[in-house]
Every structure is written in structure tokens, then in C-alpha cells.
Amino acid sequence: MQTDDFQQFHDGIAGVMGFYGKSVSRFALDVWWTALKRYDLAAIVDAFNRHLANPDAGQFAPKPADVIRMLQGSTQDAAMRAWAKVDQAVRSVGTYCDVVFDDALIHRVIQDMGGWIALGAKAEDEWPFVAKEFENRYRGFCSRSERPQYPATLVGIAAAHNNLKGFKNDKPVLIGNEQLARQVLHGGTNQPALGLKRMSADLDEAVGEVLHSQTRLMSEQRKTG
């Protein structure tokens, strides 16, 4: 959550606890906020609703641990659904074409795992481990409520070849909900996930002087030792 979500979060906690005939002290509210602030507000609301509807636990007022348990289950379900979409796309569309999923987080996770082409190069016996890595990475972003930058398109083999030759690329294949996939396409970036920049000449020279001084000092120490 963001700081701007605090008032809505406070009202939601007060409403839920009021449903159970309980009030919320400032201390209790701070505990709730500290425990749940790393999650997305919409996911928290969904977790509360599922707790209230739970036939076993719903009769009791929730504690932060109850909601976190629901949230973790929710992130696992989301990761599994995302992987099922990726798995189907690899098998039906393949990694020859460029693709755009309707979930930006899928793009970022696949980028972090080496890219769309590298994913398609995995052997069948590696697939269960690839699935587990994808789900763990996806859940990590979800649990931290991160909205990281992501590539607008997952580049396939054909586009990679065409880019080298200067040829024109075909339009990417949209995976899932077409409208959401177009939003992902327009919201992406071509910048690398890890910023890279060459050192300036001055900095390069300064580093060289430091290394030279360290080498000379080590040499003198060996002579005196």
C-alpha cells in the first residue's frame, strides 16, 4: 500500500472490526498497518471478504496473521494462474513470435529469467523447475506489492533475427484479454531492468590511480616483509 491508502485502510479495518462488535485502538491500527502495508490494498480487501465468508474462521474477528494467510494463498493462486497462461502460450504460440501478455508482471518475471527466447529453449525435464522459479518470482513481486518496470514486448526468435538484419517485424501476438494486453504494450519500456552506464574518463582515471597505488603498496609490503 501507499501512504495515501492509510485512511481507506483505517476505515476498512474499523468497519470489519465493527462488524464483530469490536473497536480498534490506535495501537491496534498501527499493528495492522505494519503487518499489511507491503500488500496491495485491493488484495487486502479481497482477503478480508474471504475471511468473512469462511465457514470455519469467519465467525471470529480476524487477526493480521489470518489476513496474511489469505493473502499468501491469494498470491500463490495468482502465480499459478500466471504460469498456466505462460505455459499454454509457449506450447501453442511458441517463442518464435513476439508476444504481449495481459499481465505486466509476467513480462518482468520472464525478463528476469532470461527472456522469452530463453524460456522456449528449456527442455521438458527442466519445465517443473522453471515453473517453480517463475511462481516464486511472481509471488515475490505480489507479496511486496511491487509494480516494477517491464518490457513492452517479449521478443521472439524472429524479431531478434530481424533486428540484427534491419528487417521489419510482425506485430506481436496478444495473450489473454486483448484490451489489457494492449495496456501492457503501451505501458512497457525498452530500458533494461538493470541500469548500465560506462564510467566517465575522469572516473576511469581515478579508479586506475587507486588500483596503481594499491598495487605499489602491496609490492612494498612484500619487499619489507
Side-chain angles (χ1 to χ4, degrees), residues 1 36 38-51 53-57 66-160 169-190 192-193:
M1 291 184 288
L36 300 180
R38 68 181 183 275
Y39 298 101
D40 183 71
L41 182 59
I44 293 172
V45 172
D46 177 67
F48 270 116
N49 288 336
R50 287 188 288 119
H51 176 87
N54 189 300
D56 297 320
D66 298 319
V67 178
I68 291 173
R69 192 176 302 111
M70 289 288 187
L71 285 166
Q72 289 178 338
S74 178
T75 59
Q76 183 175 12
D77 293 342
M80 292 177 67
R81 288 194 299 269
W83 172 250
K85 195 175 297 183
V86 172
D87 178 65
Q88 183 178 3
V90 171
R91 297 179 187 278
S92 59
V93 178
T95 55
Y96 191 80
C97 304
D98 291 4
V99 295
V100 177
F101 286 88
D102 58 0
D103 180 351
L105 198 50
I106 290 178
H107 284 219
R108 177 53 188 267
V109 173
I110 290 178
Q111 180 188 46
D112 289 350
M113 293 175 63
W116 185 235
I117 297 174
L119 191 68
K122 300 294 184 181
E124 189 67 29
D125 60 349
E126 297 179 274
W127 213 233
F129 304 101
V130 176
K132 180 60 68 175
E133 180 184 357
F134 177 93
E135 292 171 8
N136 287 339
R137 288 177 179 271
Y138 191 99
R139 288 186 65 187
F141 283 117
C142 287
S143 65
R144 296 188 298 271
S145 297
E146 287 190 49
R147 296 294 181 269
Q149 289 187 333
Y150 62 90
T153 303
L154 293 176
V155 178
I157 298 171
N169 290 318
D170 293 332
K171 292 183 178 180
V173 178
L174 304 181
I175 308 294
N177 182 286
E178 180 180 348
Q179 182 178 358
L180 293 178
R182 291 186 182 278
Q183 291 177 6
V184 170
L185 177 63
H186 294 304
T189 176
N190 293 324

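- Scored by the side chain to side chain contact (heavy atoms under 4.5 Å, CB included) test, Ala42 finds Asp40 as partners (sequence neighbours excluded).
- Within a 6.0 Å radius of CE in Met113, more than 12 heavy atoms belonging to other residues, nucleotides or ligands are found.
- The ring-ring contact (aromatic ring centres under 6.0 Å, His included) search around Phe134 returns Trp83, Tyr138, not counting sequence neighbours.
- Side-chain N or O atoms of Asp98 include one that pairs as donor or acceptor with a backbone N or O of Gly156 at under 3.5 Å.
- Contact of the Leu71 side chain with the Leu36 side chain is registered, since non-hydrogen atoms from C-beta on lie closer than 4.5 Å.
- Taking every heavy atom of both residues into account, Gln149 and Arg108 meet most closely at O-NH1, 3.0 Å.
- Residues passing the side chain to side chain contact (heavy atoms under 4.5 Å, CB included) test with Gln88, sequence neighbours excluded: Ser92.
- Looking at every heavy atom in both residues, Gly187 comes nearest to Tyr150 through C-OH, 3.0 Å.
- Atom CG of Leu41 and atom CG of Asp46 lie 11.5 Å apart (nearest 0.5 Å).
- For residues 77-91, the salt bridge (Lys or Arg N to Asp or Glu O under 4.0 Å) pairs, not counting sequence neighbours, are Lys85-Asp102, Asp87-Arg91, Arg91-Glu124.
- With sequence neighbours left out, the salt bridge (charged side-chain N to carboxylate O under 4.0 Å, His left out) criterion links Glu126 to no other residue.
- Residue Arg182 is tested with Gln179, Glu178, His186 for a side chain to side chain donor-acceptor pair (under 3.5 Å); the sole match is Glu178.
- Shown here are the salt bridge (charged side-chain N to carboxylate O under 4.0 Å, His left out) partners of Asp66, two or more places apart in sequence or in another chain: Arg69.
- Rounded to the nearest 0.5 Å, atoms NE2 (His107) and CG (Asp112) are 13.0 Å apart.
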Check the pair Leu119 / Val86 against side chain to side chain contact (heavy atoms under 4.5 Å, CB included), numbers first and verdict last. CA-CA 10 Å; Leu119 191 68; Val86 172; 3.6 Å; yes
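- Residues meeting the side chain to side chain donor-acceptor pair (under 3.5 Å) test with Glu133, sequence neighbours left out: Arg137.
- Partners of Arg139 by salt bridge (charged side-chain N to carboxylate O under 4.0 Å, His left out), not counting sequence neighbours: none found.
- Within the 4.5 Å cutoff, the side chain of Asn54 has no heavy atoms near those of the Arg50 side chain.
- In this structure, the separation between CG on Leu180 and CG on Leu174 is 11.0 Å, given to the nearest 0.5 Å.
- Two residues are said to be in side-chain contact when any heavy atoms from C-beta on lie closer than 4.5 Å; Asp103 and Val184 fail this criterion.
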For Glu135 and Met80: C-alpha separation, side-chain torsions, deciding distance, then whether side chain to side chain contact (heavy atoms under 4.5 Å, CB included) applies. CA-CA 6 Å; Glu135 292 171 8; Met80 292 177 67; 4.0 Å; yes
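- For the side chain to side chain contact (heavy atoms under 4.5 Å, CB included) test, residues two or more places apart in sequence or in another chain that qualify with Leu185 are Val100, Ala152, Thr153.
- Taking Thr95 as the reference, Trp116, Ile157 meet the side chain to side chain contact (heavy atoms under 4.5 Å, CB included) condition, with sequence neighbours excluded.
- At a threshold of 4.5 Å between non-hydrogen side-chain atoms, the residues Leu105 and Pro148 count as touching.
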